[in-house]
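Side-chain atoms are counted along with the backbone in the values below, which use heavy atoms only and exclude waters and symmetry mates. Whatever order the structure lists ligands and atoms in, that order sets their numbers, starting from 1. Note that the structure is a prediction, hence the values are computed from the model and not measured.
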Amino acid sequence: MTLAAGRPYLAIPGPSVMPDAVLQAMHRAAPNIYEGDIITMVQGMVPDLQRVAMTRGKVAFYIANGHGAWEAALANIAGPGDRVLVCVTGRFGHGWAEMAEGLGIIADKIDFGTTAGIDPARLEDTLRADTAHSYKAVLFSHVDTATSLLNDPRPIRAAMNAADHPALLMADCIASMACEEFHMDDWGVDVAVTASQKGLMVPPGLSFIFVSPKAEEARAAMPRVSRYWDWRGRIDPERFYQFFGGTAPTHHLFGLRAALDMLHDEGMAQVWQRHVTLARAIWAACDAWAAGGTLRLNVTDQRLRSHAVTALGVGGRNGSALREWVSGNAGVTLGIGLGMESPEDPKGEGFFRIGHMGHLNAHMVLGMLGTLEAGMQAIGVQRGAGALSAAAAVIAEG
Ligand SMILES: *Cc1c(COP(=O)(O)O)cnc(C)c1O
């Protein structure tokens, strides 16, 4: 018998759960885009987005998923033959580097593997060796969504300053924005890229680039930028259509308005803290399971763990089997293991991920963990006891 009927829970690392308030805000007739409320609404969203990224820098909207914003960010600061340095801590660093290569940019990579964070000393050495200052930017993922590694921007910025290197610091905040604590200006990030469907709780299809004054200077020095990706009209629009390089993505914007209201009503500090506490509850359960079986958190050092997504290994093809069981029997959809393939496990079926980003509260996390317990029982995964009470204890402490 399946017990999956009822409200489903999409616990993958994006798209995330859409709040009813967002869905309801989108459910309306098409608005006039030439005058009226939508224009003031969009102008009003700029400062609210800046307060999510904690920046006074400008913001460019793109009607694109995160991949589009990756390409747009690069297209504004580098061109064919220019170099960037990519710090890779999982699948997503490789992805951004591939976007650079597609633009003719030379993307050198430092690969830190899939279980360790960025080593600032290695970055500093690489930047010191670049005496010609050929790197126009250092790219990294704030959260790598495949490995669930969290990279603190501060030591990265410190390494760049120690090497006295003028490159821009560019952060992929697609999985982390409105989930992880982030202060773009105070932490010295020049370009931050994000998308609508993760911490921002809006359907996929909108993305954002936050641009520091130094990044604006880098754009001004470019001989040319493809017209559609150029952020200049978007960050300083004289006409409304320039925000979007064409027709506004009307209904995404209504959804985003509702989502920004939710975030700021709760308060960014509280949003971040909620993600921390819910993540700690998940880790507590996973540690208890791990103590008596094969389940492993991909990131052992707690300080390097994302509070928005958790990558887990459970051996054999049990990752896939667990995902199938919980979606078929309990209405919970978990994320696939990404970038975890190995000769022993060519399809990465021993891995899965829990997305815990965005519109998420304690009962959803406890329900998801209880469902995982049932799934492991049903498919016969050996595990330690006490996982649910360990998670409940974290929630009870608050
Ligand atoms: C989701 C994600 C992307 C890709 O975003 P799309 O919207 O799927 O193109 C890039 N980087 C990170 C860190 C992500 O989590």
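For Ala175, heavy-atom contacts with ligand 1 shorter than 4.0 Å involve the backbone as well as the side chain. Residue Asp144 does not touch ligand 1, judged by heavy-atom distances below 4.0 Å. Here Trp96 has no heavy atoms under 4.0 Å from ligand 1, in either its backbone or its side chain.
Atoms of ligand 1 lying under 4.0 Å from any heavy atom of Val143, numbered from 1 in the order shown and given with element: 13 (C). Atoms of ligand 1 found under 4.0 Å from any heavy atom of Trp70 (numbered from 1 in listed order, with element): 10 (C), 11 (N). Below 4.0 Å from some heavy atom of Asn65 lie the following atoms of ligand 1, by number and element: 6 (P), 7 (O), 9 (O).
By the rule that hydrophobic residues join a cluster once side-chain heavy atoms approach within less than 4.5 Å of another member, Val143 and Ile118 end up as members of separate clusters. If you chain together hydrophobic residues whose side chains sit under 4.5 Å apart, Met170 and Met177 fall into the same group. Residues Leu103 and Val84 fall within the same hydrophobic cluster, defined by Ile, Leu, Val, Met, Phe, Trp and Tyr side chains chained together at heavy-atom separations under 4.5 Å.
The nearest protein atom to atom 15 (O) of ligand 1, hydrogens excluded, is given as Thr145 OG1, 2.4 Å; this is a heavy-atom distance. For atom 14 (C) of ligand 1, the closest non-hydrogen atom on the protein side is Lys198 NZ, 3.0 Å. Ranking the protein heavy atoms by distance from atom 3 (C) of ligand 1 puts Phe92 CE2, 3.5 Å first. At the top of the distance list for atom 11 (N) of ligand 1, counting protein heavy atoms only, stands Asp172 OD2, 2.7 Å. The protein non-hydrogen atom at the shortest distance from atom 9 (O) of ligand 1 is His67 ND1, 2.5 Å. The protein atom (non-hydrogen) at minimum distance from atom 5 (O) of ligand 1 is Gly66 CA, 3.5 Å.
Stacking of Arg234 on the aromatic ring of Phe61 is not recorded, the 6.0 Å distance cut-off and the 45° axial limit not both being met.
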Please lay out, stage by stage, how Asp108 and Lys136 fare under the test salt bridge (Lys or Arg N to Asp or Glu O under 4.0 Å). CA-CA 11 Å; Asp108 291 341; Lys136 296 192 86 174; over 6 Å; no
Let's go through Leu85 and Phe140 carefully: what are the C-alpha distance in whole Å and the side-chain angles of both, what is the deciding distance for side chain to side chain contact (heavy atoms under 4.5 Å, CB included) to 0.1 Å, and is it a yes or a no? CA-CA 9 Å; Leu85 181 62; Phe140 75 106; over 6 Å; no
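For the salt bridge (Lys or Arg N to Asp or Glu O under 4.0 Å) condition, no pair includes a residue of residues 326-347, sequence neighbours left out. Applying the side-chain hydrogen bond (donor to acceptor under 3.5 Å, both in side chains) test to every pair with at least one member in residues 166-178, sequence neighbours left out, gives these pairs: Trp70-Asp172, His142-Ser176.
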